[in-house]
2 protein chains.
Amino acid sequence: MSDAVYAIGDLARQTGTKVETIRWYERDGIMPAPVRTAGGHRVYTRPHLDRLAFIRHARELGFPLEDVRALLRLADDPERPCDQVDAIASQHLAAVRSRIARLQALEAELARMVAVCGRGRVAECRVIEVLADQSHAHCLHEGHGETGL
Amino acid sequence: MSDAVYAIGDLARQTGTKVETIRWYERDGIMPAPVRTAGGHRVYTRPHLDRLAFIRHARELGFPLEDVRALLRLADDPERPCDQVDAIASQHLAAVRSRIARLQALEAELARMVAVCGRGRVAECRVIEVLADQSHAHCLHEGHGETGL
DNA sequence: GATGGGACCTATAGTGACTATAGGTTCAAG
DNA sequence: CTTGAACCTATAGTCACTATAGGTCCCATC
């Protein structure tokens with residue numbers, strides 16, 4: 001049971017990842033290239049499954065792949081103090097909190113827009129009006145991109 | 001004053017957009033191609049400024065460009081009932097709310113991770129443990145991508 | 001009228017993290 | 001031994017830009 005092997009589809013099912021994504025991770029270098037069958041099919045083992053689960057979970061938590069790579073390097077070196085791991089996670093926590101705050105401001109504005117829309121004709125639609133409003137121009141942005149979550 | 005003209009840089013400053021982004025909007029088709037000077041410089045007028053402001057504001061609210069295109073089409077036809085405008089905005093509001101909920105779940109997990117990290121070695125670091133934990137795998141995702149904000 | 005330099009031009013490639021497609025090969029169940 | 005699902009590679013597309021290279025234009029000052 002410790003020598004179980006998996007096809008790429010098994011890994012995909014077990015981790016909720018698309019097969020293409022797993023192959024992409026391999027090209028990217030974040031997943032190691034597994035051995036192949038004579039016919040060229042990838043054959044994975046338990047450590048591959050664990051690593052992929054780690055990656056996917058970190059991605060779900062919003063870590064960019066670069067951070068995931070850093071975490072994996074740290075995890076591969078168990079004697080290192082975890083200050084650095086903690087730093088990455090803390091930094092990310094701060095980013096998540098600021099993102100929540102911005103999304104809530106945005107939610108308020110959207111909700112107000114929708115509430116005020118009189119469901120009449122486009123001519124009087126407040127949603128269009130609010131969006132066209134010059135005075136609102138670039139007052140909401142702060143984080144440089146809307147990448148990450 | 002109603003016949004004011006703007007260089008691309010003026011438009012950029014007034015709307016908080018990068019010059020490259022404005023040119024990209026033109027290639028994309030969401031901004032109309034303006035007239036040019038003899039030397040090939042773009043010359044914008046007030047309607048361009050208004051349209052760009054509309055686009056930027058909608059983008060800041062997280063509407064994908066496709067939605068912005070739809071909203072612009074609807075805005076151009078003031079006699080039409082605004083149900084569709086309302087539908088787009090409401091749908092977006094719902095997406096934002098679900099995203100906030102997921103981010104809050106994520107915040108809780110990250111906060112717990114950081115709190116538990118005992119500042120020892122990576123071997124005992126719960127951050128790595130939590131991220132490697134199989135049982136958490138793909139229990140958190142719902143929205144297909146983490147694009148948009 | 002010359003000059004300097006900032007603003008502008010095009011074209012192309014790169015970003016992140018995948019996703020999709022086309023066209024072929026392999027494997028395992030029946 | 002056949003069938004067809006799962007696998008393979010390579011390439012292009014997604015979204016919404018951003019960046020770079022290598023040039024051209026405009027206009028304020030001398």
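In the text below, chain A, chain B and the rest are named by the order of the sequence lines, each starting its count at 1.
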To the nearest Å, give me how far apart OH (B:Y6) and P (C:dC8) are. 15 Å

Tell me if the CD atom of A:E20 is crowded by more than 12 foreign heavy atoms within 6.0 Å. yes

For the pair made of CG in A:D28 and C1' in C:dA17, what is the distance, rounded to whole Å? 9 Å

May I ask you to evaluate whether B:K18 reaches the phosphate of D:dA19, defined as a side-chain N or O under 4.0 Å from OP1 or OP2? yes

Give the rounded distance in Å between these two atoms: CH2 of A:W24 and P of D:dT14. 18 Å

Between CD of B:E26 and C1' of C:dT10 the distance, given in whole Å, is 12 Å

Between A:G40 and B:I8, who's closer to the 5' end of DNA chain C by nearest nucleotide? B:I8

Starting at the 5' end of DNA chain D, which residue's closest nucleotide do you reach first, A:V19 or B:L65? A:V19

Is the shortest side-chain N/O distance from B:R59 to OP1 or OP2 of D:dC17 below 4.0 Å? yes

Is there a path of hydrophobic side-chain contacts, each under 4.5 Å between heavy atoms, that joins A:V35 and A:Y6? no

Nearest to the B:E66 side chain among D:dC15, D:dA19, C:dC8, which nucleotide is it? D:dC15

For C:dT10, does either OP1 or OP2 sit under 4.0 Å from a side-chain N or O belonging to B:R36? yes

Could you give the CZ-to-C1' distance, from B:R69 to D:dC15, as a whole number of Å? 10 Å

Given C:dC8, is OP1 or OP2 found less than 4.0 Å from the side-chain N or O atoms of B:R42? no

Whether B:D50 and B:R46 form a salt bridge (side-chain N of Lys/Arg under 4.0 Å from carboxylate O of Asp/Glu) is what I want to check. yes

Would you please confirm or rule out a distance under 4.0 Å between OP1 or OP2 of D:dC17 and any side-chain N or O of B:R56? yes

In Å and rounded to the nearest 0.5 Å, what is the CD to CD distance from B:Q104 to A:Q104? 5.5 Å

A:Y44 atom OH is separated from D:dC8 atom P, nearest whole Å, by 7 Å

Atom pair distance, as rounded to whole Å: NE2 in B:H41 and C1' in D:dC26: 7 Å

Is B:Y25 touching bases, backbone alone, or none of the nucleic acid, heavy atoms closer than 4.0 Å? sugar-phosphate

Choosing from D:dA19, D:dA16, C:dC9, which nucleotide comes nearest the side chain of B:E20? D:dA19

Nearest-angstrom distance from the residue atom CD1 of B:I22 to P of D:dA16: 17 Å

If you find the nucleotide of DNA chain C closest to A:T37 and the one closest to B:R27, which residue's nucleotide is nearer the 5' end? B:R27

Quick one: do B:R23 and B:D28 make a salt bridge, cutoff under 4.0 Å? no

